[in-house]
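I have placed the structure first, in the form of structure tokens, so that the comments after it can refer back to it.
Note that this is a predicted model, so its numbers are computed, not measured. Residue numbers begin at 1 in each chain, while the letters A, B, ... track the order of the sequences.
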Amino acid sequence: MSAMEWPLILIIVFASSTGDVLCAKGMSQGGELEVRLSKIGSILCYIVTRRMVILGGSCYAVAFFSMLALLSIAPLSIAVPATALSFVLDTIGARFLLHEHVPWKRWIGVLCVTAGVILTVKSGGGGAPTP
Amino acid sequence: MIRTKAPADRLVIKTAIFVAIAVFANSFGNLMLAIGMNRMPDFAQVGIPGYLLHLLANPFVLPGALVMAVFTLAQLSLFSWADLSFVVPCVASSYVVTTLLSEFILEEPVHVQRWLGVLLIVAGVALVARTPENTKDEPSEVHRS
């Protein structure tokens, strides 16, 4: 593993979790969105003018380009499982920054999903979701 | 505008529909982008203008990006009424759909270990789905745009 891999993995995990937390914060502030196909234009305007969502989107962009950089130096079977760590960080952020009450079933579920993603991708075979 | 609290069923059904849209849009979007990018010429050979032209003419790349936009919109909508700690693991079921697509559409061999991973994800999502989608407040306000 080259010296650049770990810094990139850390950037991806932190940037995508920060993006998730910011987008979730921004979207939940305005109340439940009523999605209608006929109103898609005004829904898009509503979303792209929310400050937290813009900040979160910028974090997603950082994560996306760091992922491209990581994929150029590391195999997919290392890159994708490493970024699955952001599921755990997301849950920690949801609990302590967004003050969600995370039931124990959800904690175990998240750990199962993370372990499952690591197994799925580490075993190779391609076709894993990549940006 | 305030809507009086509707039966909880309404939100459960809405959540299920949007999770399904996000999962399938993510899986099919990634599949289309993967197929499209595999057909792209070597960057060094065609230069930037040529590459952009190929990108626009590629029948999979732009539609794939559009499908990924649908995924993003569905996930952001979910954030407006459901917990982040609920949405993230549920949307991760797209790894399962992607594995099925790899096996049956791309006809890649899928190892036993990978199916084991799929089972773990399904079990995890089943656990998360049994928790309420919103633990913070009663979602009473409906945004109408």
* Top contributor to chain A contacts, counting heavy-atom pairs under 4.5 Å, from B:Val96, B:Asp83, B:Thr131, B:Val87 -> B:Asp83
* **For chain A, the option from B:Ser85, B:Gly124, B:Ala82 that forms the most heavy-atom pairs under 4.5 Å** => B:Ser85
* **Option from A:Ile43, A:Leu44, A:Ile47 for which side chain to side chain contact (heavy atoms under 4.5 Å, CB included) with B:Leu76 holds** => A:Ile47
* Does a sphere of radius 6.0 Å around CG in B:Leu56 hold more than 12 heavy atoms from other residues, nucleotides or ligands, not counting ones at 6.0 Å or beyond? -> yes
* Asked: Given that the side chain runs from C-beta out, which part of A:His101 has a heavy atom under 4.5 Å from chain B: side chain, backbone, both or neither?
  -> both
* To do: Before accepting this row, confirm whether a basic side-chain N of the pair A:Glu32/B:Arg10 lies closer than 4.0 Å to the acidic partner's carboxylate O.
  => yes
* To do: Could you have a look at A:Tyr60, A:Trp107, A:Phe87 and say which one has the most heavy-atom pairs with chain B under 4.5 angstrom?
  => A:Phe87
* Per-residue contact mode, A:Ile40 against chain B (heavy atom under 4.5 angstrom) -> side chain
* Determine, stepwise, if the pair B:Arg114 / A:Thr120 fulfils side chain to side chain donor-acceptor pair (under 3.5 Å). => CA-CA 4 Å; B:Arg114 194 155 184 196; A:Thr120 308; 5.5 Å; no
* Structure fact -> Smallest heavy-atom separation, B:Val91 atom then B:Val23 atom, equals O-CG2, 3.8 Å
* **Proximal component of B:Leu101, with respect to chain A [non-hydrogen, under 4.5 Å]** => neither
* To do: Check the surroundings of atom CZ in A:Phe14: do more than 12 heavy atoms from other residues, nucleotides or ligands lie under 6.0 Å from it?
  => no
* Identify which part of B:Phe18 has an atom lying under 4.5 Å from any heavy atom of chain A, answering side chain, backbone, both or neither. => side chain
